[in-house]
Amino acid sequence: MENPTTPAPAAAPSKGKSAAQNPSGHHAATTVWDAVQGQVGGGAGANASAPTLKRKRGVFQKDLQHMMYGFGDDPNPLPETVALVEDIVVEYVTDLVHKAQNVASKRGKLLTEDFLYLIRKDLRKLHRATELLSMNEELKQARKAFDVDEETLATNAI
C-alpha cells in the first residue's frame with residue numbers, strides 16, 4: 001500500500017508535444033501542478049547557488065489570453081493556465097537572451113543577428129523573424145518619408 005503523502009510516479013512522457021512542454025520539446029514540469037506551484041525549474045531546490053531574480057507576474061496576462069484564444073482556447077482561460085504559459089514563455093525568452101549574450105560576448109555588443117543565429121535551425125521562427133524585421137524596416141522608411149513630406153509642405157506653405 002502506498003503512503004498517501006508520497007506523490008505518485010510521473011507518467012512517462014508522450015512522444016508528441018503536450019501543454020507542459022517548452023518550445024525545445026522537453027517537459028517543463030512533471031505535472032501542471034508542479035509548474036503552477038513553482039517547484040520545477042524555479043523552486044527552492046532547482047539551483048540553490050544561482051541568484052534568483054523576482055519578476056513581476058501577470059505582465060503578459062492579457063496578451064497571452066488573446067493569443068491563446070486566437071489559437072483555439074477558451075475566450076477566458078483559467079488563470080492557472082495563463083500563468084503556466086507565461087512562465088514557459090518567459091523562461092524560453094530568458095534562455096534565448098542568455099544564449100544570445102554568450103554568442104555576442106566576443107564582440108561585446110548584442111545584435112539582432114545573434115538571435116537569428118540561434119533560431120537558424122527552426123525555419124518557421126527564422127522566416128517569421130526575418131519577415132517582422134523587414135516589415136519594421138519598411139515602416140521606418142514610410143515614417144521617414146512621411147516626416148520629410150510634412151517638412152517640405154510646411155516650408156512651402158510659408
Side-chain angles (χ1 to χ4, degrees), residues 13-32 34-38 40-43 46-47 50-158:
S14 64
K15 297 213 184 250
K17 284 189 175 184
S18 68
Q21 288 181 342
N22 64 22
S24 65
H26 297 95
H27 284 280
T30 53
T31 66
V32 174
D34 288 340
V36 171
Q37 293 300 314
V40 175
N47 193 354
T52 57
L53 298 174
K54 294 284 184 183
R55 72 171 183 87
K56 189 174 178 183
R57 293 188 181 272
V59 175
F60 306 110
Q61 181 178 0
K62 280 291 179 194
D63 296 322
L64 286 172
Q65 283 178 342
H66 293 301
M67 289 173 67
M68 290 168 66
Y69 178 63
F71 281 101
D73 202 348
D74 189 66
N76 295 312
L78 293 173
E80 294 86 4
T81 306
V82 177
L84 176 63
V85 172
E86 182 181 23
D87 288 344
I88 292 169
V89 169
V90 168
E91 180 183 343
Y92 173 75
V93 171
T94 304
D95 290 344
L96 191 66
V97 169
H98 286 299
K99 290 175 184 176
Q101 284 176 332
N102 290 340
V103 169
S105 65
K106 297 171 186 149
R107 261 192 327 276
K109 185 177 182 182
L110 189 61
L111 300 174
T112 307
E113 287 76 23
D114 297 324
F115 292 98
L116 295 176
Y117 173 78
L118 290 173
I119 62 172
R120 70 191 183 278
K121 293 181 181 177
D122 190 342
L123 293 180
R124 289 180 70 186
K125 286 180 192 169
L126 182 63
H127 290 304
R128 180 66 175 149
T130 53
E131 179 186 2
L132 290 172
L133 289 169
S134 66
M135 289 294 271
N136 189 36
E137 277 302 312
E138 288 180 29
L139 287 171
K140 282 182 185 178
Q141 296 299 325
R143 283 189 201 110
K144 187 176 178 182
F146 185 73
D147 289 341
V148 170
D149 289 343
E150 277 188 352
E151 289 175 11
T152 56
L153 288 174
T155 57
N156 290 341
I158 295 177

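Bear in mind that the values here come from a model prediction, so they are computed numbers and not experimental data.
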Working for side chain to side chain contact (heavy atoms under 4.5 Å, CB included), residues Asp87 and Glu91: CA-CA 6 Å; Asp87 288 344; Glu91 180 183 343; over 6 Å; no

side-chain contact (heavy atoms from CB on, under 4.5 Å) filter on Leu78, not counting sequence neighbours, yields Glu80, Thr81

Using 0.5 Å steps for rounding, measure from the CD1 atom of Ile119 to the CZ atom of Arg124. 12.5 Å

Candidate list Leu84, Val85, Val90, test side chain to side chain contact (heavy atoms under 4.5 Å, CB included), partner Ile88, passing option: Leu84

Nearest non-hydrogen partners of Val82 and Gln65, listed with the distance: CG2-CG, 3.7 Å

Starting at NZ of Lys144, measure out to CG of Leu139 and round the result to the nearest 0.5 Å. 14.5 Å

Side chain of Glu86, backbone of Gln61: donor and acceptor closer than 3.5 Å? no

Measuring from Arg128:CZ to Leu123:CG, what's the distance to the nearest 0.5 Å? 15.5 Å

Could you give the distance from CG (Leu116) to NZ (Lys125), rounded to the nearest 0.5 Å? 13.0 Å

Can you list everything that forms a side-chain contact (heavy atoms from CB on, under 4.5 Å) with Asp63? Sequence neighbours excluded, please. none

Under the salt bridge (Lys or Arg N to Asp or Glu O under 4.0 Å) definition, can you give me all pairs with a residue in residues 65-76, not counting sequence neighbours? none

According to side-chain contact (heavy atoms from CB on, under 4.5 Å), who are the partners of Leu111, at least two apart in sequence or on a separate chain? Arg107, Lys109, Glu113, Asp114

Mind checking the CG-CG spacing from Leu118 to Asp95? Nearest 0.5 Å is all I need. 11.0 Å

Centre of Tyr117's six-membered ring, under 6.0 Å away, within 45 degrees of the axis: is that where NZ or CZ of Arg120 sits? yes

Evaluate the criterion side chain to side chain contact (heavy atoms under 4.5 Å, CB included) for residue pair Val103 and Phe115; output intermediate values, then yes/no. CA-CA 9 Å; Val103 169; Phe115 292 98; over 6 Å; no

Can you sort out the partners of Glu138 under side-chain contact (heavy atoms from CB on, under 4.5 Å), two or more places apart, ordered by chain and number? Met135

Could you please spell out the steps behind the side chain to side chain contact (heavy atoms under 4.5 Å, CB included) verdict for Glu137 and Lys140? CA-CA 5 Å; Glu137 277 302 312; Lys140 282 182 185 178; 3.8 Å; yes

